[in-house]
**Q** 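Sharing a structure here in structure tokens format.
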Amino acid sequence: MSFKTIKLSLPLSPEEILDLHYKDKVLLSGTLYTARDQAHKRLCKILQVGEQLPFDLAQTAIFYCGPSPAAAGKICGGIGPTTSSRMDPFTPTLLHAGLKVMIGKGDRAPATVDAIRAANAIYLIAIGGISAVLSRCIVSCETFLWPELGAEAVYKMQLKDFPCYVGI
Amino acid sequence: MHLLSSLKIQQAVYRAISEITFNCDPQVHQALSKAMANEHDEIAKDVLNTILTNHSLSPADKIPLCQDTGTTVVFAELGTDLHITDGSLYEAINNAVRQAQQDCPLRASIVNEALFARHNTLDNTPAIIHTEFTAGHALRLVIAQKGGGAENMSFLQMMSPAASSDDIVSYICDGVLAAGSRPCPPLILGIGIGSNFEGVALLAKKAIFEELGRANPDPRYAELEARIKAELNARGCGVQGLGGNNTVLAVHILQAPCHIASLPVAVNLECHAHRHCEVWL
């Protein structure tokens, strides 16, 4: 294999982030939160009025994901990334509030790339269309905020060796 | 006059959706295996290998191939000698979508309006249904789940009638490469050339569901398909935008007559999950 595979657990230390390079493969474990467009709007609104988020952005990751519902007896349904660039307008606010790790799909706007680099944060690319593979890497999944948003709610997930690649 | 009960249609559509949610089209699996065999890039190979693994885990674990279980799109060809009893075709399809959303379960991904309220309909209805009339007494349905990522990257241009095939190749390739990894390559490209504004978009959508990798029966368009595929695979976006030589699996063109002032071109992108099937009733 001509690429590096690194096992990491959230939260990532500044040194761990610094050691990652474009296209390294990461097997990620630990606890993160999902957020898509609607959840980003709400998270940023909370921060803009000067209130605290109900979780510490610096200690976790945000995964741009709207899972499909879990069938009876399953931990979760289908898991996979959505297009990250839709979250670009919100990303600087979350970086400013301490966010260090984002997981999604696709390129980011040049200004977002700069903001991610300036914050010493990292953007990981997850693969789209491999929901069954990724759902096997989910140890637990619960609705954490705004259940009325359905797939767009914030889910708290525990990951074990979740495959992704360094994008930025 | 032949009779067909709407319940039969509903059951057939329900079975079709349940099937394509979890079971990859064998032709797509084969095309991706072939892509893996000719792939130069190690990371792209790693990703292709994971996609192929997903094809076996999805039916085994009963987890959808992709969490974006999409918009249900149906092309219906209704024989003029066929009469649907006990309800309408549209009701039958939407009932099936509703039932499949509950049972599979599928992600509720449809909102009631695009701009203001954006309230989730919670049952994935309405499906998008295109109907044509044909001779005879059969009903042919092409049923697909179309994910949002690839649909969002699709594009259309009313080109100048003086445009050359080179201009069209550049327009298409630049557009697909600008989409990068967002539509989840390797892609299937449905291309419409001709008709008018709405007609060309429909041609592009229909083209996606042609037999995978078939060459256009007109050698001039077959050559154009081959050129677009070769150029895109040489220009380095690759599997999930991570590089390599497999950005597209197949390119299908459908063409139609058009106005003397027009040369409409539409490109509808389809992700590698390519969930679709055909049902005859």
Side-chain angles (χ1 to χ4, degrees), chain A residues 1-5 22-25 34 36-38 41 63-86 104-109 125-138 148-153 155 163-167, chain B residues 21-22 24 41-43 45-48 50-69 101-109 111 118-120 122 147-150 152-153 178-186 237 239-243 271-275:
Chain A
M1 293 271 185
S2 64
F3 57 92
K4 226 160 85 178
T5 304
Y22 181 56
K23 289 194 181 180
D24 284 345
K25 183 174 184 177
T34 67
R36 289 172 55 104
D37 315 57
Q38 295 305 320
K41 262 190 194 171
F63 180 19
Y64 309 139
C65 166
S68 73
K74 303 250 188 210
I75 293 170
C76 61
I79 300 293
T82 194
T83 301
S84 304
S85 58
R86 296 200 315 273
K105 170 183 98 177
D107 299 338
R108 313 301 300 260
I125 292 170
I127 302 306
I130 58 161
S131 280
V133 169
L134 294 181
S135 84
R136 282 200 175 186
C137 306
I138 307 300
E148 70 279 11
L149 292 179
E152 299 215 72
Y155 293 83
C164 39
Y165 302 83
V166 176
Chain B
T21 297
F22 303 108
C24 180
D41 185 275
E42 289 300 318
I43 292 186
K45 257 189 193 168
D46 186 53
V47 175
L48 284 168
T50 313
I51 294 172
L52 293 170
T53 306
N54 193 59
H55 294 168
S56 34
L57 292 190
S58 179
D61 291 1
K62 280 272 166 203
I63 297 283
L65 286 161
C66 178
Q67 84 287 347
D68 182 357
T69 51
Q101 192 279 324
Q102 281 289 310
D103 294 352
C104 284
L106 305 178
R107 195 176 78 180
S109 307
V111 290
R118 290 192 73 89
H119 288 144
N120 197 304
L122 300 176
N152 280 350
M153 293 295 113
S181 57
R182 284 173 281 186
C184 276
C237 166
V239 176
Q240 296 287 313
L242 290 165
C271 64
H272 64 77
H274 193 34
R275 295 152 293 179

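First the proteins, then the strands, lettered A, B, ... as listed; each starts at 1.
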**Q** Distance check, rounded to the nearest 0.5 Å: B:R107 atom CZ versus B:C66 atom SG?
**A** 7.5 Å

**Q** Please answer whether the main-chain N or O of B:G180 pairs with a side-chain N or O of A:D107 as donor and acceptor at a distance below 3.5 Å.
**A** no

**Q** Considering only heavy atoms and a distance below 4.5 Å, find which of B:P64, B:A60, B:G148 pairs most often with chain A.
**A** B:P64

**Q** Can the positive tip of A:K105 be found less than 6.0 Å from the middle of the six-membered ring of A:Y64, inside 45° of the ring normal?
**A** no

**Q** Output yes when a side-chain donor or acceptor of A:S68 lies under 3.5 Å from a complementary backbone atom of A:G78, and no otherwise.
**A** yes

**Q** Could you look at A:S85 and say if it's the side chain, the backbone, both or neither that has a heavy atom under 4.5 Å from chain B?
**A** side chain

**Q** Among A:K74, A:K25, A:R136, which residue has the highest count of heavy-atom pairs closer than 4.5 Å to chain B?
**A** A:R136

**Q** In Å and rounded to the nearest 0.5 Å, what is the CG to OH distance from B:L242 to A:Y22?
**A** 6.5 Å

**Q** Within the side chain of B:Q240, is there an N or O that forms a donor-acceptor pair under 3.5 Å with the backbone of A:I127?
**A** no

**Q** Measure distances from B:D68 to the heavy atoms of chain A and classify the residue's part below 4.5 Å as side chain, backbone, both or neither.
**A** neither

**Q** Quick one: pull up CG in B:L57 and NZ in B:K62 and give me the separation to the nearest 0.5 Å.
**A** 14.0 Å

**Q** Does any backbone or side-chain atom of B:L65 lie under 4.5 Å from a heavy atom of chain A? Answer side chain, backbone, both or neither.
**A** backbone

**Q** Considering only heavy atoms, which portion of A:A70 lies under 4.5 Å from any heavy atom of chain B: side chain, backbone, both, or neither?
**A** backbone

**Q** Using heavy-atom distances under 4.5 Å, tell me whether A:I79 contacts chain B through its side chain, its backbone, both, or neither.
**A** backbone

**Q** Against chain A, label B:L106 side chain, backbone, both or neither, depending on which of its atoms sit under 4.5 Å from a heavy atom there.
**A** backbone

**Q** Give a yes or no on whether the backbone of B:H55 and the side-chain of B:S58 come within a donor-acceptor separation of less than 3.5 Å.
**A** no

**Q** Taking every heavy-atom pair that is under 4.5 Å apart, which of A:G106, A:G167, A:P163 has the most such pairs with chain B?
**A** A:G106

**Q** Do you know which of A:G150, A:P67, A:A151, A:C65 has the most heavy-atom pairs under 4.5 Å to chain B?
**A** A:P67

**Q** Would you mind checking which part of A:L149 comes under 4.5 Å of any heavy atom in chain B, side chain (CB onward), backbone (N, CA, C, O), both or neither?
**A** neither

